[in-house]
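Data block below; observations after.
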Amino acid sequence: MDPLAGKYLRPEKWPGTACPGCGLRLLHREVLTAIDALGLGPSDLVWGTAIGCTGRQTYATWRGDTFAGTHGRVYALATGLRLALPREKRILLTVGDGDAFTIGLPHLLAAARRNVDLTVVVGDNLGYQSTGGQYGVTTPAGSRTDSSPYGTWEPGWSDGGLDVLGIVREAGASFLARHTVLQRDAVVESVKAALGTRGFSLVQVVYGCHVHYGAQALGDGTVGAIQGWIRARTVPLEPGPAPEVAPAGFRTGVFHDARGARPEFTERLRDHVAAVRARAGRTS
Amino acid sequence: MRRVFDTGNAAITEAAIVAGCRVFAGYPITPATEIAENMARRLPEVGGYYVQAEDECAALHLCNGASLGGLKAMTATSGPGFILFADPFGWAVSAEIPVVIVDAQRVGPVSGITGAPGQGELYLSRYLAHGGNYETIVLAPSSVQEAFRLTVRAFALAERFRTPVTLLADQMVTDGWEALAIPETSDERAAMGLEVVPRRAHPGPDFYPASDAIDVPPVVLGRGAGGACSDWTPTERGHDTEEVEAQHKHAHRLIHKIRRHRHLIDEHEAWGLEDDPEVILVSYGTPSRVVKSAVARARAEGLRVGGLRLVSLWPFPDHLFARRARYLSVELNWDGQLVREIQRAMSPGSSAHFFGRCGELPRVAELCEASRALLRGERLARRGWELEAY
C-alpha cells in the first residue's frame, strides 16, 4: 500500500473507486501530502465529502471522522457541524465541480459569506463523469459530451471572461486557488494554506476525466492524452478578468488571499452569544 | 412553574429549550416565523445558536450537521418550506441523526393561504424522503400546552430512535393563544410526564448495527471515534456499499426499529368508545377540539357516537380501527387524506366517510348533522360549494 495512504487511510478503502489512471487518485494523494506536511493526525481533521467521482473516491477513506452529504448540500451540513466542533478541529470537504459550482453554489456562497472555517477541495473532472460524461459548468465551451453531442452551446463558469472563483471571492472567501492536478507542489502548498486558514477556503484542482471527457471531447481516452491536453492549456493567473483562451484555459495559481481579513463564522456567533449573555448577567 | 398566556409558537420554543435544543436554523415563513424569532431571542440566553439559513433545505442540513456534532437541533416551517426539507430529511433518516422538525400546516396547495389552518401534509410527513425503505415518527398537537409537551417528547423520541421526528401542527395551534404552564425544575418536568433524553455518542466501530434495537447512540463526530456517516447504504462501520444484503439490513433497521417499538410512540385520545358507538369521528390537531364538542353534544342527544383523536400519526395506528363502525374523518383539507388511511386500516364491515373543510374549522352543528346522517345509513353528499361533506 502507498505509504501515505497506509498512514492516513482505512486500508479497505484504498485505492478507492476511481478508474485506473484517474487524476483523482493523484489529487487524493496530494491532499494527504498537505495533511502530512502540516503534521495533522486523524483526530485533528473531520473529512466530509459529497456525491460523484470525488465523493465516492474519498468518502470514509480517512482514518478519523468522516461524513458525506447529499449532492450540493454538504456546505450547509458542514456549517452546522462547524457550530458543534471545537475550533481546533479542521473540516475538509472534497467535492466535485458539479457539487460546488452548480447544484451547491448557493450553499457554497453562503458558507463563503459567513466565512465558515471550512476547506473545500474541488476535484474538477470537467463535467458529470460518474453518470457517464455529461457537460457541466466547468466543461470547456464547445466540448462534445454525451449530453452535448453537437458541442456545448451555453457558457460555463470559465468561458467568455467568467470565472466562478471571482464570485466566491466577492462572496467573502478567505483563500482561493486553482491548479491542475499535474502541478503537484502547487496543489500541496495551496491545500496547506487552505487548511491553515481560519475561515472559508477553496482549492479547485482540474484533473479532467480521461475515460469520458477524453474519449468524447478529445477523441482520445488515454491518460497521456488528457494530461498533455491539460498541460497545453494551463496558463498562470493574471490579475483582472479571465482572458478568452480558445478553446479553454486553466488559469492557475493563488486566486485570492485574504486570510485573517474577516472574522470567522463561529467566532462571530460565539462573540454574539457571549455579548447577549453578558447583557443578561449570565456567564458562559 | 411559570404560567403564561402565549402562542403555540412560543410553547414550541420554550419546550425545545427545556429538551436541550441548542441549535435552531430556519427560514422565515408564515405561520412558523415566530418560532424562529423566539429562538433567535432565547437561544443566545442559554448559550445556544440561532442561524438564519439561505433556504429551508440548508436550514435542516445545518440542523443535521449540528446534531452530527453532538448538539440537539430543531427547525420549523410551513408547507412551502416543508417540501424543501425532503433532501435533508432523507439524509437524517438514512444516516440516523436525531433532529426535530416542526411543520405548521397552512392552506394549500403550494403557497395557498398563509394565515389560515390546513391539514394537507399528512402523507408528505410520512413520505417526505424519496426511495421508501423507512418508517417515521409524526406527532400532532391540538393545543398550546400539548404543543409544549409533544415538542419535548419529539426530542426524546429523536434521541431514542436516532431519527428525525416531525411535529405536524397547524396554523391555529402555532398562532393560537392559550394558557401555558412551563415547568422550571426537573420535579415539575417529571410531574408533567416530560422526559429529557441526553445526547450520547456512539463509541464505534459498528455505528450501523444490523438490528432493530433502539437506544443506540447516534454517530457524533469530533470525539475521536472514527465515525463514518452518510446517506449511502452503510456497512455496519458506516462505509458506503453497493451490496444488496447490506441494503436489506439497513432498510429493515430503519423500518423495524420504529415499528417494533411503536408502543413507545403510540398516543391517542378516545371519547365514548366504551359503549360501542356506531359512528366514530376521527381527527387530529385543531379540528379535534370541535370533534370533541360534537361527540359530547351528540351523546347528550342519546346518539351512538364516539370520537378518536390521533396524537401520534405515524406509524399509523391501525389497531385503533379494529372495531366495526362507521368512521367519519374530519380534516382541514378538501381531498381527504386521513380518511384513506382509515379505509386501509378499518376492520371488515366498517365504512369510512369524509368531512372536509379548509382554512376554517367545521361547526359542531355540522358534525352532529353529519353524524345523524351516518346513523340513518345515509351517504354524505357534497352539495355544490356549500356543504362539503361527502
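Note on naming: letters A, B, ... go to the chains in the order of the sequence lines (proteins, then strands), and numbering restarts at 1 for each one.
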Which residue out of G69(B), G48(B), A66(B) racks up the most heavy-atom pairs below 4.5 Å with chain A?
->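 If we count pairs closer than 4.5 Å to chain A, A66(B) comes out on top.
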Sidechain N-carboxylate O distance under 4.0 Å for [X], [Y]:
| X | Y | answer |
| --- | --- | --- |
| R113(A) | E54(B) | no |
| E242(B) | R56(A) | yes |
| D55(B) | R73(A) | no |

Grab the two heavy atoms, one from [X] and one from [Y], that are nearest each other, plus how far apart they are.
| X | Y | result |
| --- | --- | --- |
| A53(B) | R114(A) | CA-NH2, 3.6 Å |
| H272(A) | P44(B) | NE2-CG, 4.4 Å |
| L221(B) | L85(A) | O-CD2, 3.6 Å |
| G47(B) | R277(A) | N-NH1, 2.8 Å |

For the atom pair [atom1] ([X]) and [atom2] ([Y]), what is the distance rounded to the nearest 0.5 Å?
| X | Y | atom1 | atom2 | answer |
| --- | --- | --- | --- | --- |
| I97(B) | F67(A) | CD1 | CZ | 11.0 Å |
| I103(A) | D87(B) | CD1 | CG | 7.5 Å |
| R10(A) | H239(B) | CZ | NE2 | 4.0 Å |
| D240(B) | T49(A) | CG | OG1 | 8.0 Å |

Relative to chain A, which segment of R223(B) carries a heavy atom at a distance below 4.5 Å: side chain, backbone, both, or neither?
->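 For R223(B), backbone heavy atoms alone lie under 4.5 Å from chain A.
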Can you tell which part of A25(B) gets under 4.5 Å to a heavy atom of chain A, answering side chain, backbone, both or neither?
->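 When you check distances to chain A, no heavy atom of A25(B) falls under 4.5 Å.
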Can you tell me if W232(B) uses its side chain to pair, donor with acceptor, with the backbone of Y59(A) under 3.5 Å?
->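 Judged by distance alone, no pair lies under 3.5 Å.
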Is a donor on one side and an acceptor on the other found under 3.5 Å between the side chain of D65(A) and the backbone of G227(B)?
->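 Checked: pair present.
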Heavy-atom side-chain contact between [X] and [Y] under 4.5 Å:
| X | Y | value |
| --- | --- | --- |
| H61(B) | H107(A) | no |
| V51(B) | F265(A) | yes |
| Y49(B) | R270(A) | yes |

Residue, of V273(A), T61(A), L83(A), L77(A), that accumulates the most heavy atom pairs under 4.5 Å with chain B |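 Heavy-atom pair counts peak at L77(A).
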Between R82(A), K13(A), H71(A), the one whose heavy-atom pairs under 4.5 Å with chain B are most numerous =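 Most heavy-atom pairs under 4.5 Å with chain B: K13(A).
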Proximal component of I51(A), with respect to chain B [non-hydrogen, under 4.5 Å] =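 Backbone plus side chain of I51(A), per the 4.5 Å heavy-atom cut-off to chain B.
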Proximal component of A50(A), with respect to chain B [non-hydrogen, under 4.5 Å] |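 Backbone only.
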Is it the case that D231(B) and T70(A) place a side-chain donor and acceptor less than 3.5 Å from each other?
->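 Side chains of D231(B) and T70(A): no pair found under 3.5 Å.
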Are more than 12 heavy atoms from other residues, nucleotides or ligands located less than 6.0 Å from atom CD of E245(B)?
->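 Count not over threshold, so no.
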